[in-house]
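We name chains A, B, ... by the order of the sequence lines, and we start the count at 1 in each one. Being a predicted model, the structure only gives us computed values, none of them experimental.
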2 protein chains.
Amino acid sequence: MQDPLSSLPGYLLRRASSSLIAELNQRLAGIDVNHTDASLLILIDANPGLTQSDAARMLGIQRANMVGLVARVEGRGLLVRERVDGRSQALLLSTDGKAVLARVLAVIHAFEASLLERVPADLRPHVVPILRHLWGEGRENAGGSSFA
Amino acid sequence: MQDPLSSLPGYLLRRASSSLIAELNQRLAGIDVNHTDASLLILIDANPGLTQSDAARMLGIQRANMVGLVARVEGRGLLVRERVDGRSQALLLSTDGKAVLARVLAVIHAFEASLLERVPADLRPHVVPILRHLWGEGRENAGGSSFA
DNA sequence: TACAGATTGCTATGATCAATAGCATTTGCT
DNA sequence: AGCAAATGCTATTGATCATAGCAATCTGTA
């Protein structure tokens with residue numbers, strides 16, 4: 001059976017992404033958190049007090065879809081909202097949130113390590129640079145701050 | 001603003017994938033076909049007469065979800081079903097399907113080329129091998145992801 | 001041949017995720 | 001004061017994905 005698709009980078013990228021997201025969600029299931037929740041926790045931890053809109057922009061999530069995400073994570077007691085404006089609200093990790101984050105980071109770091117181990121050692125240093133270049137789009141005019 | 005996520009291969013993979021799928025769908029919009037339809041056309045062309053279940057397996061799509069996909073593409077007159085069994089049916093490209101496939105291939109090849117151009121020339125040969133390793137090993141557990 | 005088990009295509013259903021339009025309130029700027 | 005933009009939100013839609021179950025059919029084996 002011919003597989004003409006597995007030579008296409010775009011197709012490979014899609015299949016790899018969906019299968020790895022599923023795997024990561026399985027690994028996170030024990031903490032009762034999915035990969036989106038996890039990314040939000042990590043982002044808030046690195047930028048305490050950032051706005052809900054800021055988080056949406058950085059995560060590539062529409063403001064509309066951010067509402068449910070924040071509400072769910074807040075409902076688990078992992079984050080706290082504080083009004084800083086009449087319209088904006090700052091997001092902060094709760095004590096529980098910080099504890100869960102520690103477990104999330106352990107899972108994610110193990111996951112990322114296992115990802116890299118699937119790539120031959122000589123190609124391993126190129127994984128992140130290649131993915132950054134492939135993503136690239138939509139971040140070119142993303143303004144001045146960090147790309148680190 | 002710190003971005004602690006963009007150093008994580010898994011996160012980069014997800015973002016790159018979703019942004020590139022969106023771009024490919026835009027490029028295909030003129031042909032009135034999406035990336036899933038396109039992959040089905042390519043697969044049938046390379047394996048004329050393959051079974052609907054075979055196609056589902058190769059594309060990583062559940063049999064249940066294949067029904068709507070095949071029905072939609074058949075509804076556009078791009079493929080034909082032929083019973084080979086009392087239960088199986090062979091999928092074949094129609095004349096229109098072959099014509100559309102030619103346009104699809106042109107779009108996809110242009111897209112894949114533009115993908116690779118985003119990667120520095122010295123890293124370019126490593127793109128497909130890396131993606132294959134990232135995907136391949138992820139499938140060791142025989143596919144499905146199930147939450148608890 | 002007869003039967004158990006697997007396969008195929010299908011329906012129905014639910015969960016997740018993303019995208020759009022529109023809204024009230026608030027802020028910033030002129 | 002007045003106006004444009006931003007913020008959080010509701011509501012809705014569509015696409016994707018996974019599960020359970022079903023009738024019909026095929027396959028392998030006793």
>> Tell me which residues in residues 63-73 of chain B lie within less than 4.0 Å of DNA chain D, going by non-hydrogen atoms.
In response: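 Result for residues 63-73 of chain B: B:Ala64, B:Asn65, sorted by number.
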Name the closest nucleotide to the [X] side chain, picking from [options].
X	options	answer
B:Arg87	C:dT7, D:dT16, D:dG8	C:dT7
A:Arg83	D:dT16, D:dG8, C:dA18	D:dG8
B:Gln62	C:dC10, D:dA18, D:dT16	D:dA18

>> Are A:Leu13 and B:Leu43 connected into the same hydrophobic cluster when the rule is that any two of I, L, V, M, F, W, Y join if their side-chain heavy atoms are below 4.5 Å apart?
In response: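 Same hydrophobic cluster.
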> Cluster question for you: counting only ILVMFWY and a side-chain heavy-atom cut-off of under 4.5 Å, with indirect links fine, are A:Tyr11 and B:Ile61 together?
Replying inline: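 Hydrophobic grouping puts A:Tyr11 with B:Ile61.
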Euclidean distance, atom [atom1] of residue [X] to atom [atom2] of [N] [Å, nearest integer]:
X	N	atom1	atom2	answer
B:Asn25	D:dG14	CG	P	16 Å
A:Asp85	C:dT25	CG	C1'	11 Å
B:Leu24	D:dT16	CG	C1'	16 Å
A:Leu50	D:dT7	CG	P	12 Å
B:Asn34	C:dA19	CG	C1'	16 Å
B:Gln26	C:dA19	CD	C1'	12 Å
B:Gln89	D:dC26	CD	C1'	15 Å
A:Leu59	C:dT16	CG	P	18 Å

>> Could you check whether B:Arg27 and B:Ser114, counting side-chain N and O atoms only, form a donor-acceptor pair closer than 3.5 Å?
In response: yes
> Are side-chain N/O atoms of B:Ser94 and B:Arg76 paired as donor and acceptor at under 3.5 Å?
Replying inline: no
> Starting at the 5' end of DNA chain D and moving along, which residue's nearest nucleotide shows up first, A:Arg57 or A:Arg14?
Replying inline: A:Arg57
May I ask you to evaluate whether [X] reaches the phosphate of [N], defined as a side-chain N or O under 4.0 Å from OP1 or OP2?
X	N	value
B:Thr36	D:dT16	yes
A:Ser53	D:dG8	yes
A:Gln52	D:dC9	yes
A:Arg81	D:dT7	no
B:Thr51	C:dT8	no

> So what does A:Ser18 hit on the nucleic acid, given a heavy-atom distance under 4.0 Å: a base, only sugar-phosphate, or nothing?
Replying inline: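 The answer is nothing, as A:Ser18 stays clear of every strand by at least 4.0 Å.
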> When the ring planes of A:His126 and B:His126 are compared, do they come out parallel, tilted or perpendicular, using 30° and 60° as the limits?
Replying inline: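 Plane angle under 30°, so parallel.
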> Is A:Glu23 salt-bridged to B:Arg14, cutoff N-O under 4.0 Å?
Replying inline: no
>> Please determine whether a side-chain nitrogen of the Lys or Arg among B:Arg72 and B:Asp37 lies less than 4.0 Å from a carboxylate oxygen of the Asp or Glu.
In response: yes
> Quick check: does any side chain N or O of A:Arg81 sit under 3.5 Å from a backbone N or O of A:Leu92, one acting as donor and the other as acceptor?
Replying inline: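 No.
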